[in-house]
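By convention here, the first residue in the shown sequence is residue 1.
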Amino acid sequence: MLKRLSKGLYHVVWYTFAAIVLAAAVSVTLIRLTLPDIGAYRDDIQLWISQYMGYPVEIHDIDAEWEGWVPHLYLSNINLLNKDGTNVISRFHSAHLSLDPLASLAQRQLVPKQLIVSGLGLTLTRQLDGSIDIAGESATATANNKFENSEVAVWLLRQKKITIQNAQVKWIDKISGHEPIFFPDVTLNLRTYKDRMQVNGSATLPVPYGNSIGFSLDVRGDILTTQWSGTLYIDGKTISPQMFLGQSRFADITVSGGFTDIKAWTDWQDAKLIKFDGVSSYNDFDLIAGTNHLVIDKLTLHFNGQRLNDHDWDVNLQLDDITTVNGIWPQTDINLRIAENNGDGIRRYTGKLGYLKLDDIMPLIRQSSLLSDKLERALTGYDIQGELREIQFLYDGSMAETNTLTYSAIFEHINTQHHYPSFSVTVLTGSKKGNLNEATIHFDANSVSITTPAFYTDPVWLSRLQGDLALFYSDDNLQIDLGL
């Protein structure tokens, strides 16, 4: 009896399973046969995709195919409408939607596996308060030059998972004040869950700006306001700093030419950059001040920075490898504190530098705004070479001209030459401190050579030179006080 029951149960299970498999095979076959006529279901498909995307859509062309057991829908010439379905708020060239067959069977409704949208046009604007505005390709600025967040922004940020390919993105950064940048080919992989958004992507840069940039963004909050915080990683390939820096300069010194590879990790809080850390390799560029320029063959550095408050920063640079036309520098550390006096926009720089090669920087300093007119005239006709170490300085743009820069440094291997009248002093060592109006120089050197052709045919050698020399201006004349 038990044996007959087991045998009957076996046949029931087997025939049921066979019937399910047969029904599934017949269903798949029927669905495959209907694919060539998928256009007949345009309205149904439009309704379903509208429900999935949360906004009405108009689809001009529909195609479908199977890849194994996974059905794929290919949509072309798509209009994304506003909530009321009355106006087009954006357009897609195409979209690719794959379905999850197992999840669809389990939930008894069509469940997308992946949505890929191509050819979306966006305008992203970073406002002065750090918030991000997102608008469609046809967005126009309001009277106060602000791109209002459109329904495109709401639609995009409510997508749980979407891939955007071949997007054209216009980036406007009102904080930097640079010209808008148009990215012709952007890929975005976006995921949202509650108040968290993750975006991974890449962008082809406009030709003058370089090659490409990859990025990874992980934030919490609403990026359409200032109430968002998170991390941003950037990986740039063959980037032109000159294009991104625009007219930015320090003491009338600008950057020209060259390309860099850069990786940077950044932290953001309440829409503000609060911390950064990165590495960069920058080759074949010039530093320019007036008609003078310094050619830098190679610069490899690590950098990091920390925001201290709304206006102040602490920045550190480690120059691992710097090669100029005058040779190779030793590894150099730079610490820079950047502050604003009472938020008035006038910056104050406090810094420490491990090393400077005067052969490289003196031509730039001569035509920068670091020197007062009086000091620039006093240096006319002099060539100064050598090295500075353990440099400390303070540059305060709010101070009177003679006190904008104060400094101290140790100098080594200094060679000074004056052309008219001709004389030179070589191999000086010591220390110096002062400002743009006065300076105190302490000499502590051996084997110093002084050449004065007007008085002596041969150089005068000093076995030992030790003492102090004070330089200062009085009645617009440079005076020297010797304490040798």
*asked:* As a quick check of understanding, evaluate ring pair (Phe, Tyr, Trp, His ring centres under 6.0 Å) for Trp155 and Phe92, giving each step before the final call.
replied: CA-CA 13 Å; Trp155 164 78; Phe92 313 138; 5.4 Å; yes

_Can you confirm whether more than 12 heavy atoms, excluding those of Arg389, are under 6.0 Å from its CZ atom?_
yes

*Return the orientation label for the Tyr233 and Trp265 ring planes: parallel under 30°, perpendicular over 60°, tilted otherwise.*
tilted

*Can Lys83 be said to sit on top of Tyr55's aromatic six-ring, NZ or CZ under 6.0 Å from centre and within 45° of the ring axis?*
yes

_CA sep, side-chain torsions, deciding dist, call: Trp329, Leu356, side-chain contact (heavy atoms from CB on, under 4.5 Å)_ = CA-CA 8 Å; Trp329 289 31; Leu356 284 177; 3.7 Å; yes

*asked:* Do Tyr193 and Gln198 make a side-chain contact, defined as non-hydrogen atoms from C-beta onward lying under 4.5 Å apart?
replied: no

*May I ask you to test the Asp222-Trp228 pair for a side-chain heavy-atom distance under 4.5 Å?*
no

*Nearest heavy-atom pair of Arg307 and Leu273: which atoms, and what distance?*
NE-O, 2.7 Å

*Can you tell me if CD on Glu179 sees more than 12 non-hydrogen neighbours from other groups inside 6.0 Å?*
no

*side-chain contact (heavy atoms from CB on, under 4.5 Å) assessment of Thr123 paired with Ile172*: CA-CA 8 Å; Thr123 297; Ile172 301 172; 4.1 Å; yes

_Atom of Phe393, atom of Lys352 and distance for their closest heavy-atom approach_ = CE2-N, 4.4 Å

*For residues Gln242 and Val255, report the shortest heavy-atom separation together with the two atoms involved.*
CG-O, 3.6 Å

*State whether a side-chain donor-acceptor pair under 3.5 Å links Asn189 with Thr163.*
yes

*Within 6.0 angstrom of His96 NE2, more than 12 heavy atoms from elsewhere*: yes

*Using a distance-only test with no angle check, is there a side-chain donor-acceptor pair under 3.5 angstrom linking Asp270 and Thr226?*
no

_Beyond-backbone contact of Thr238 with Asp261, side-chain heavy atoms, under 4.5 angstrom_ = yes

_pair Pro180-Phe182: side-chain heavy atoms closer than 4.5 Å_ = no

_Please check: side-chain N/O of Asn211 versus main-chain N/O of Lys237, any donor-acceptor pairing under 3.5 Å?_
no

_Check: Thr332 side chain, Pro330 main-chain N or O, donor-acceptor pair, under 3.5 Å_ = yes

*Between Gln318 and Asp320, is a side-chain hydrogen bond (donor to acceptor under 3.5 Å, both in side chains) present by the stated rule, with each step listed?*
CA-CA 6 Å; Gln318 179 179 304; Asp320 297 318; 2.5 Å; yes

*Greater than 12 external heavy atoms within 6.0 Å of Ile328's CD1*: no

*asked:* To the nearest 0.5 Å, what is the distance between CG on Leu73 and CD1 on Ile59?
replied: 8.5 Å

_Atom of Asp312, atom of Ala339 and distance for their closest heavy-atom approach_ = OD1-CA, 3.1 Å

_Within the 4.5 Å heavy-atom criterion, are Phe183 and Leu205 side-chain neighbours or not?_
yes

*So how far is it from Tyr282 OH to Ile262 CD1, rounded to the nearest 0.5 Å?*
11.0 Å

*Is there a donor-acceptor contact under 3.5 Å from the side chain of Gln367 to the main chain of Ile365?*
no

_Is there a side-chain contact (heavy atoms from CB on, under 4.5 Å) between Ile361 and Lys357? Walk through the geometry before answering._
CA-CA 7 Å; Ile361 68 168; Lys357 186 188 288 290; over 6 Å; no

*Could you check if a side-chain atom of Trp48 sits within less than 4.5 angstrom of a side-chain atom of Leu97, using non-hydrogen atoms only?*
yes

*Over all heavy atoms of both residues, which pair between Pro56 and Ser50 is shortest? Give the atoms and the distance, please.*
CA-OG, 3.5 Å

*Are Leu317 and Leu336 close enough that some pair of their side-chain heavy atoms sits under 4.5 Å apart?*
no

*Rounded to the nearest 0.5 Å, how far does CG of Asp267 lie from CG of Asp277?*
9.5 Å

*Can Asn335 and Asp314 be said to form a side-chain contact (heavy atoms from CB on, under 4.5 Å), step by step?*
CA-CA 7 Å; Asn335 172 258; Asp314 188 16; 3.1 Å; yes

*How many angstroms lie between atom OG of Ser281 and atom NZ of Lys263, to the nearest 0.5 angstrom?*
11.5 Å

*Okay, side chain of His178, backbone of Phe244: is any donor-acceptor separation there less than 3.5 Å?*
yes

*Drop me the distance from Leu120's CG to Gln165's CD, to the nearest 0.5 angstrom.*
12.0 Å

*Grab the two heavy atoms, one from Trp268 and one from Ile274, that are nearest each other, plus how far apart they are.*
N-CG1, 4.2 Å

*asked:* Between Leu122 and Val186, is there a side-chain heavy-atom distance shorter than 4.5 Å?
replied: no

*Gln306 and Asn304: side-chain donor and acceptor closer than 3.5 Å?*
no

_Ile164 side, atom CD1; Gln159 side, atom CD - distance, nearest 0.5 Å_ = 8.5 Å

